[in-house]
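What you are looking at is a predicted structure, and each value in this text was computed from that prediction instead of being measured.
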Amino acid sequence: MASTAVADVNAGRVAVTGPLDATNPAIVRMRQLVDGKQSADGWSRCWEQGVTPWDLGEPTPAVVKLVRSGTLPAGSVLVPGCGGGYDAVALSGAGRFVVGLDVCDAAIQRAKQWSSSSPDVAFVNADFFTWAPPEPFHLIFDYTFFCALDPSLRPAWAARMHELLRPDGELITLMYLPQDQDSGPPYNTTVLDYEEVLKPLGFIIASIEDNDVAVEPRKGLEKIARWKKMPDGEDKTSKQHQTPPTNAI
């Protein structure tokens with residue numbers, strides 16, 4: 001699939017639509033800037049140079065659908081790797097206060113600029129793996145964050161999700177599932193990759209389905225799963241047998 005790049009000379013930014021793989025020149029450039037093991041500096045270079053091929057420039061359609069469904073819990077919400085903050089703002093309101101978290105200060109500053117009139121959202125420049133919020137969250141939403149992390153960090157990602165969620169909290173993973181990548185980010189990912197790190201910590205899948213409103217380059221490559229964090233001490237084994245069947249893709 002061919003990619004399309006539109007250069008905005010005045011803003012010094014290249015907006016890119018296309019697949020999130022090596023056929024997209026913006027992905028190739030992003031990987032050069034990130035330079036292997038991720039760092040705040042690498043992601044900052046991407047934002048500063050306008051190489052953000054994952055950024056839709058608007059809320060993810062699946063988030064809009066979730067909000068309209070009326071099934072999201074009230075309370076505090078965390079969006080790690082929030083980037084420009086569109087999903088964080090879309091999730092806010094209706095009894096939800098949202099924190100958008102990103103290791104890149106340039107992304108956080110952009111999010112703050114355009115969302116200044118949104119009263120139920122705050123943006124924090126911090127490292128997901130070391131940040132210490134005052135209290136755990138009722139809901140966490142993850143999209144293009146898990147697949148952007150080096151696979152060696154996935155167990156630590158799951159441990160942080162467990163720490164940052166309240167007992168009986170909910171984790172929603174909009175899973176981008178690329179295959180046949182020769183490098184990353186994004187890295188090759190399957191549903192099983194999520195299950196292998198989350199289930200041992202007591203997460204069970206309440207529902208999983210194809211993302212039928214995925215943007216065109218990602219159609220057929222996304223699933224959305226809603227996970228429940230079981231309270232400590234509750235029997236996890238019997239509940240695991242009740243989870244819907246999933247397939248590695």
Side-chain angles (χ1 to χ4, degrees), residues 1-5 13-57 60 62 79-84 86-87 101-107 126-130 140-161 171-198 210-211 214-225 246-249:
M1 183 184 300
S3 66
T4 302
R13 183 175 186 272
V14 179
V16 179
T17 60
L20 299 180
D21 60 32
T23 66
N24 185 337
I27 290 293
V28 175
R29 180 57 180 153
M30 178 192 73
R31 290 172 176 173
Q32 292 170 344
L33 294 172
V34 172
D35 192 24
K37 285 281 188 178
Q38 291 95 328
S39 68
D41 289 343
W43 292 114
S44 293
R45 287 192 291 269
C46 290
W47 279 98
E48 289 162 2
Q49 296 186 30
V51 183
T52 56
W54 65 87
D55 182 23
L56 299 180
T60 305
V79 182
C82 68
Y86 312 106
D87 290 341
L101 183 74
D102 205 287
V103 73
C104 177
D105 184 60
D127 186 337
F128 168 77
F129 293 102
T130 59
I140 301 179
F141 175 75
D142 180 299
Y143 181 40
T144 63
F145 187 57
F146 181 92
C147 69
L149 295 172
D150 187 279
S152 66
L153 294 174
R154 289 173 177 176
W157 169 91
R160 283 297 283 160
M161 290 298 182
L171 168 65
I172 298 180
T173 54
L174 180 49
M175 301 181 283
Y176 178 62
L177 304 170
Q179 298 297 301
D180 302 321
Q181 302 272 19
D182 57 1
S183 63
Y187 293 91
N188 291 330
T189 306
T190 67
V191 175
L192 182 60
D193 292 328
Y194 285 85
E195 292 179 327
E196 286 182 339
V197 294
L198 287 172
D210 293 335
N211 178 19
V215 295
E216 186 59 40
R218 306 176 196 178
K219 283 189 180 296
L221 294 174
E222 293 185 343
K223 289 182 179 290
I224 188 163
T246 60
N247 297 313
I249 297 176

Partner of E195 under side-chain contact (heavy atoms from CB on, under 4.5 Å), picked from L198, D193, V191, V197, is V191
d(L177 CG, N188 CG) to nearest 0.5 Å is 10.5 Å
**Message:** Are the side chains of M161 and P80 in contact, using a 4.5 Å heavy-atom criterion?
**Reply:** yes
Output for pair (C46 SG, D41 CG), nearest 0.5 Å, gives 11.0 Å
Tell me, do L20 and M30 make a side-chain contact under 4.5 Å, heavy atoms counted? no
TODO: Could you walk me through whether L33 and E48 pass the side chain to side chain contact (heavy atoms under 4.5 Å, CB included) test, one step at a time?
DONE: CA-CA 11 Å; L33 294 172; E48 289 162 2; over 6 Å; no
Rounding to 0.5 Å, atoms CD (Q49) and CD (Q32) come to a distance of 10.0 Å
All heavy atoms of P185 vs all of V34, minimum pair found to be CD-CG1, 4.4 Å
Step by step, work out the side chain to side chain contact (heavy atoms under 4.5 Å, CB included) result for T60 and Y86.
-> CA-CA 8 Å; T60 305; Y86 312 106; over 6 Å; no
Check: Does the pair Y187 and R154 meet the rule for a side chain to side chain contact (heavy atoms under 4.5 Å, CB included), with working shown?
Finding: CA-CA 11 Å; Y187 293 91; R154 289 173 177 176; 3.8 Å; yes
- [ ] For the pair F128 and F145, name the ring-plane relationship: parallel under 30°, tilted 30 to 60°, perpendicular over 60°.
- [x] perpendicular
When every non-hydrogen atom of I27 is compared with those of P186, the smallest separation belongs to CD1-CD, 4.4 Å
Open item on the list: Check whether D102 reaches the backbone of G83 with its side chain - one donor and one acceptor, N or O, closer than 3.5 Å.
Closed with: yes
The residue among E222, R218, M175 that forms side-chain contact (heavy atoms from CB on, under 4.5 Å) with T144 is R218
Taking every heavy atom of R31 against every heavy atom of A22, the minimum-distance pair comes out as NH1-CB, 4.0 Å
Any T52 side-chain heavy atom under 4.5 Å of W47 side chain | yes
>> Could you check whether R160 pairs with D127 (Lys NZ or Arg NE/NH1/NH2 to Asp/Glu carboxylate O, under 4.0 Å)?
In response: no
So OH of Y194 and CH2 of W157: to nearest 0.5 Å the spacing works out to 6.0 Å
To the nearest 0.5 Å, atom CG of D142 lies from atom CG of L149 at 8.0 Å
Using side chain to side chain contact (heavy atoms under 4.5 Å, CB included), reason through T190 and E196 one step at a time and then give a plain yes or no.
CA-CA 10 Å; T190 67; E196 286 182 339; over 6 Å; no
The reported gap from CG in L56 to CG in D87 (rounded to nearest 0.5 angstrom) is 7.5 Å
